[in-house]
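This report concerns only the one structure given below.
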Amino acid sequence: PVFAGMNGSAIENFSCVIYNIFLMNCTWQAGRDAPADTQYFLYWQNSRDDEEMECELYIKDENCRNVGCIFQNVTIRTEKAYFLVNGSSKDSLIQFYDEYIDLYKIEIFTAPLNVTAHCTRDSAGCIITWHPPLTSHVEKAKCFQYEISIQNK
């Protein structure tokens, strides 16, 4: 059966972010009714054609339970990625959690690069220039919008 396992044993509050272009961090909380010995395992598949991969580096809580994962060399594709977290316990069956996520929606961009400001005392004011942030999937710099906050110090 699809939802075999003890109610309340599946993970909760699953969330992932991609940062520094190719690193992905996923976190979750243990199910509120999961037995104390429950251990969770994360698998993901970037597209239907890719192989399913288990977490490379688990993040553990104070009880040595897996509550997160860090992936390296993540590539953002156009398809939704599939995530599955299952669990095991010697006391009971644990329900799994799964979700499809558009990876481009969870990417946190780096700051703009090479920001420079040239200011003069005349009416020209300041000229501020920068390069777009690094990203794994946005190819057109004109896709970005910027907001400048100028503060007197």
Side-chain angles (χ1 to χ4, degrees), residues 1-117 128-149 151:
V2 173
F3 294 106
M6 185 176 80
N7 284 339
S9 63
I11 62 149
E12 300 174 354
N13 301 319
F14 182 78
S15 123
C16 296
V17 295
I18 295 175
Y19 60 99
N20 288 349
I21 305 165
F22 60 87
L23 297 175
M24 182 168 62
N25 186 14
C26 297
T27 58
W28 59 85
Q29 293 173 328
R32 61 186 161 301
D33 296 327
D37 75 326
T38 303
Q39 186 59 279
Y40 295 102
F41 304 95
L42 171 63
Y43 300 86
W44 84 296
Q45 190 174 13
N46 202 351
S47 72
R48 287 188 167 99
D49 299 328
D50 288 346
E51 205 172 303
E52 185 178 81
M53 296 174 285
E54 185 179 357
C55 175
E56 300 166 356
L57 178 62
Y58 282 107
I59 301 165
K60 298 184 178 291
D61 66 10
E62 61 278 356
N63 300 317
C64 288
R65 187 183 314 204
N66 297 337
V67 292
C69 177
I70 298 172
F71 290 97
Q72 299 180 26
N73 301 318
V74 172
T75 303
I76 294 178
R77 304 257 170 78
T78 55
E79 296 180 51
K80 289 180 183 279
Y82 177 69
F83 293 83
L84 169 74
V85 181
N86 62 22
S88 66
S89 166
K90 67 180 185 312
D91 295 331
S92 69
L93 289 174
I94 304 302
Q95 289 181 330
F96 70 87
Y97 172 91
D98 67 342
E99 182 177 355
Y100 286 91
I101 298 175
D102 286 314
L103 296 184
Y104 72 89
K105 291 181 178 178
I106 61 170
E107 184 173 15
I108 297 172
F109 296 116
T110 63
L113 305 169
N114 300 329
V115 178
T116 60
I128 302 170
T129 60
W130 60 86
H131 290 101
L134 299 174
T135 174
S136 61
H137 72 285
V138 177
E139 296 176 6
K140 297 178 182 172
K142 64 183 176 185
C143 290
F144 291 98
Q145 292 182 351
Y146 301 93
E147 181 177 307
I148 298 173
S149 174
Q151 301 172 5

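Just so you know, these numbers come straight off a predicted model, no measurement behind them.
Atom CD1 of residue Ile70 and atom SG of residue Cys55 lie 8.0 Å apart, to the nearest 0.5 angstrom. Put simply, CH2 on Trp44 and CE on Met53 are 4.5 Å apart, with the number rounded to the nearest 0.5 Å.
No side-chain heavy atom of Tyr82 sits under 4.5 Å from any side-chain heavy atom of Lys80. Between Ser15 and Ile106 the shortest side-chain heavy-atom distance does not fall below 4.5 Å.
Listed for the Asn66 side chain is no donor-acceptor partner under 3.5 Å among the backbone atoms of Phe41. Under the 3.5 Å distance criterion, the side-chain polar atoms of Asp61 are matched with a main-chain donor or acceptor of Asn63. For Tyr43 (side chain) and Asn86 (main-chain N/O), no donor-acceptor pair under 3.5 Å exists by modelled atom type. Side chain of Ser9 to backbone of Gln95: a donor-acceptor contact under 3.5 angstrom is found.
Taking both residues in full, the closest heavy atoms of Lys60 and Gln39 are given as NZ-NE2, 4.1 Å, listed atom of the first, atom of the second, then distance. The shortest heavy-atom contact between Pro35 and Met6 is CD-CE, 3.5 Å. Pro133 approaches Tyr146 most closely through the heavy-atom pair CD-OH, 3.4 Å. The two residues Asp50 and Gln45 come nearest to each other via the heavy atoms O-NE2, 2.8 Å. Across all their heavy atoms, Arg65 and Ala36 have their closest contact at NH2-O, 3.2 Å. In terms of heavy-atom proximity, Met24 sits nearest to Val74 at CB-CG2, 3.7 Å.
In this structure, Cys26 and Cys16 have their SG atoms less than 2.5 Å from one another.
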Item to complete: Decide side chain to side chain contact (heavy atoms under 4.5 Å, CB included) for Ile148 and Trp130; before the verdict, give the C-alpha distance in whole Å, the side-chain angles of both, and the deciding distance to 0.1 Å.
Response: CA-CA 11 Å; Ile148 298 173; Trp130 60 86; 3.6 Å; yes
Fill in: Stepwise side chain to side chain contact (heavy atoms under 4.5 Å, CB included) test for Arg77 and Leu103
CA-CA 7 Å; Arg77 304 257 170 78; Leu103 296 184; over 6 Å; no
Discussion item. Please determine whether side chain to side chain contact (heavy atoms under 4.5 Å, CB included) holds for the pair Phe71 and Leu42, giving the CA-CA distance in whole Å, both sets of side-chain angles, and the decisive distance to 0.1 Å.
Written reply: CA-CA 11 Å; Phe71 290 97; Leu42 171 63; 3.6 Å; yes
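Using modelled atom types, one finds a donor on one side chain and an acceptor on the other under 3.5 Å when comparing Asp37 with Ser89.
Ring centroids of Tyr97 and Trp28 are separated by 6.0 Å or more, keeping the two rings apart.
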